[in-house]
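Chain A is the first sequence line, chain B the second, and so forth, proteins listed ahead of strands; every chain is numbered from 1. For the numbers below, each heavy atom of this structure counts, side chains included, while hydrogens, waters and symmetry mates do not. Computed from a prediction, not measured in an experiment: that's the story for all the values here.
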Amino acid sequence: MAIKTQPVTVNLGPQHPSTHGVFRMRVMFDGEEIVDVEPVFGYLHRGSEKLAEERTYTQIVTLTDRMDYVSSMLNNQAYILAVEKLAGIEPSPRGVWLRMIASELQRIASHLVATGFLLQDLGALGTPLIYAMRERENILDLFEMLCGARITNSYLRPGGVFMDAPAEFWPALDRGLGDILNTVDELETYLSGNEIVFSRTKGTAVLPKELLINASITGPMLRASGVDWDLRHRAPYDYYDRVSFDRILHTASDNYARYWVRVQETRESVKIIRQCIEQIEPGDVRPSFDEVPRLIRPPVGDAYAAIEGSKGELGFYLVSDGSIAPYRMHVRASSLINLTLLRDMLIGGQFGDLFVTFGSVDLNMGEVDR
Amino acid sequence: MTTVWSGGALAEAIEAFAPGSVESSAGSDVWLKPESISTVCEGLKIRSEFKFDLLSSLTAVDYIDHFEVVYHLTSLPMNASAVLKSRVGHGRTEASIASVVPIWRGADYQEREVWDLMGIRFDGHPNHKRIMLWEGYPGHPLRKDYVTYDQSIASTAPGAADSLKGAE
Amino acid sequence: MTGPKLIDPYGTPAGADPRGALQSITLDLDRTEGESVNKMKSTHLEPFPDPVLEVPDDLKRSVIVSSVDYLLNWARKSSVFPLQSGLACCSFEMISAAMARFDLARFGMEAMRASPRQADLLIVAGTLTWKMAVPLRRLYDQMAEPRWVISMGVCATSGGPYYQSYSVVPGVNHIMPVDVYVPGCPPRPDALLYGIMQLHDKIRRYSLNGQAAGRE
């Protein structure tokens, strides 16, 4: 006999332990089945794009740190690439290698956080998250050696990075990479073949790849549906054409596939960093101030540069009017655009899967709202 | 490596299937007439010589006497990219353009963001309301003529970069 | 399926598919929210005075009360449960502080409560926007007294890098009184721990004779 139910609308967030920040949803559900979802944004909208119009090009690096605060280095990189494209700056080779190392380390940290919180949302309270965060602390220690900051690094400058890595960084990095592989192996032993993880994530929130492409979704979410699209490979920026790595693909396009792709990508990042260490050459880490002054005045025009961020295509669109501050800055925020299909993923699913699906998108509210 | 369509070649190719839709072209940019944006985008997505199936970015710039809506397109099968632009709202009145959500769903939140922060209306958007700021917020803050809402709190007036320019 | 038709509390015709109904009926809710944000923005113009604690003179004379005070304050300071609410970047340093390396559990604070009713301490970790100020003030009002507030990071303290922004509150003390300010952008977890120890010192100095603990 069917149980009589009627649709109920509840509010989730903005303060909620599982919404990864200040995200809010209105969810209408009928029994256990979700019938409609409406996301509400803007609880962390800080007006970065407007503030950028009042800062110089170098000062904006600090604003980009705080957009996606679990992958600051990647934000720096995307912004710096846009500035270099706009102003026609030729970067120093050693600076480029250093920022590749930094951004790949940041990608590992970001994927570890995403995995830890996904498992937290699954109900594995504490343990996987503590393991992931423990390893993230080691990566943050490496960042401290590089630039003295843990989260908001502001390490990159137009033309390279602002200072060379200290001598003790290299042995620490070597040790750290081994530790990362061990942690990933350990996480995978517990999780990738775990029956509970299987039954909760396999086959939930499946999205066809045509729909994903149509909704501009990029990054691990797109690769989890079998589309071979990685900007590091398809449109190599920096020196990504000089390193080799495997593109991680999965065809299931469900929550498990997204989790799996992220875990495997950390290993590829380690591979890339090892190649960077081999190929890095001595020299200056940024051009001299005669070549690239502190106050950059790019010629009038516009430029769009995108990188493969930890969450997808992260792009910066800059318009210059010839002065020391950009006329307009726009961020192509992958976290926001990856949420486009949130309703399609959730509607028809079970209420208990809501936060698992939400966690598998891997969003960061600082980037969603900016 | 991604091939970038040059403005001239793209304008010619667009004129071939949608005559009279291109305003001008320069560098890698093509300026379209706002009324033809739907037709052109539909063609760019479907036609076999373009296959622009992914809308990378949609944004807008305020050039004081008009607004410019900027589309960055990517083609996954062809590994190509292109930039479309369209000038709307001359004289700052009634800035509006057709929505491309029926063509690319990825435009959904980006168009809402442009409406919220820049005040350009997208005709035919399925859920046309503010996304970042709250309902009842006065004005659209990314416009150049926007005066900071609370002068009492923000002691420095907008345009701090101007004072920097003087100091330098 | 047999049985009575679905009744939608929001006025969708009975039997109609409720999918897609939500975004068309929530505009009124958004407007109500916008009104409350605008109201808060126009009324909270001045910061609340900081609740500085003065040790009353009679504390030294009253032996019995002071030993009761000592016990009470010891119990309070050893189990300050923070509310699990991170706003922005600083929330990741707050999470780091709770994780293995910095181990907030040493202070009896590992139980981060998801409900404001069970929390004693609100750590405002990150940039506070006017849109978020309304829910945050509601959370503060829902917390049972005695309650304390730590403003973590410069964004919460003064607006920080976003001071001139059109949507950022220039300091959480415009919304609620703050006991401890922790500087930094973001503060390291050690800095947060130091701020928490400062709060413990403050809690230790409350007296039943004097100012009640954790009141505005």
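Taking 4.5 Å as the limit, some side-chain heavy atom of C:Arg188 sits within range of a side-chain heavy atom of A:Glu144. Taking the side chain as every heavy atom from C-beta outward, A:Tyr69 and C:Pro186 never approach each other to under 4.5 Å. Annotation: side chain of A:Arg136 is not in contact with side chain of C:Arg101 (no heavy-atom distance under 4.5 Å).
Between the side chain of C:Ser165 and the backbone N or O of A:Arg46, at least one donor-acceptor pair lies under 3.5 Å. Between the C:Thr127 side chain and the A:Leu44 main chain, no donor and acceptor come within less than 3.5 Å of each other. With hydrogens and angles disregarded, no donor-acceptor distance shorter than 3.5 Å links the side chain of A:Gln15 to the backbone of C:Pro116.
Within a 6.0 Å radius of CZ in C:Arg117, no more than 12 heavy atoms belonging to other residues, nucleotides or ligands are found.
Using cut-offs of 30° and 60° on the angle between ring planes, the pair C:Tyr166 and A:His45 is tilted.
Of the two parts of A:Arg150, only the side chain, counted from C-beta on, holds a non-hydrogen atom closer than 4.5 Å to a non-hydrogen atom of chain C. Contacts between C:Leu128 and chain A at a heavy-atom distance below 4.5 Å are absent for every atom of the residue. Residue contact with chain A, scored on non-hydrogen atoms closer than 4.5 Å, involves the backbone and the side chain of C:Glu93 alike. Of the two parts of C:Leu139, only the side chain, counted from C-beta on, holds a non-hydrogen atom closer than 4.5 Å to a non-hydrogen atom of chain A. Only the backbone of A:Phe41 comes within less than 4.5 Å of a heavy atom of chain C; no side-chain atom from C-beta onward does.
Taking every heavy atom of both residues into account, A:Arg55 and C:Pro161 meet most closely at NH2-O, 2.8 Å. A pairwise comparison of heavy atoms in C:Lys131 and A:Gly42 identifies CD-O, 3.6 Å as the closest pair.
Considering only heavy-atom pairs separated by less than 4.5 Å from chain A, the leading option among C:Leu87, C:Leu83, C:Leu136 is C:Leu87. Per-residue heavy-atom pair counts under 4.5 Å with chain A were compared for C:Cys89, C:Ser85, C:Ser167, and the maximum is reached by C:Cys89. For chain A, the option among C:Ala88, C:Ala98, C:Gly86 with the highest count of heavy-atom pairs below 4.5 Å is C:Ala88. Contact tally against chain C (heavy-atom pairs below 4.5 Å) for A:Thr62, A:Ile130, A:Val40: the top residue is A:Ile130.
To the nearest 0.5 angstrom, C:Phe92 atom CZ is 6.5 Å from A:Asn364 atom CG. With rounding to the nearest 0.5 angstrom, the CD1 atom of A:Ile151 is 5.5 Å from the OG atom of C:Ser96. One distance of note links CG of C:Leu29 with CG of A:Asn11; it measures 9.0 Å at 0.5 Å rounding.
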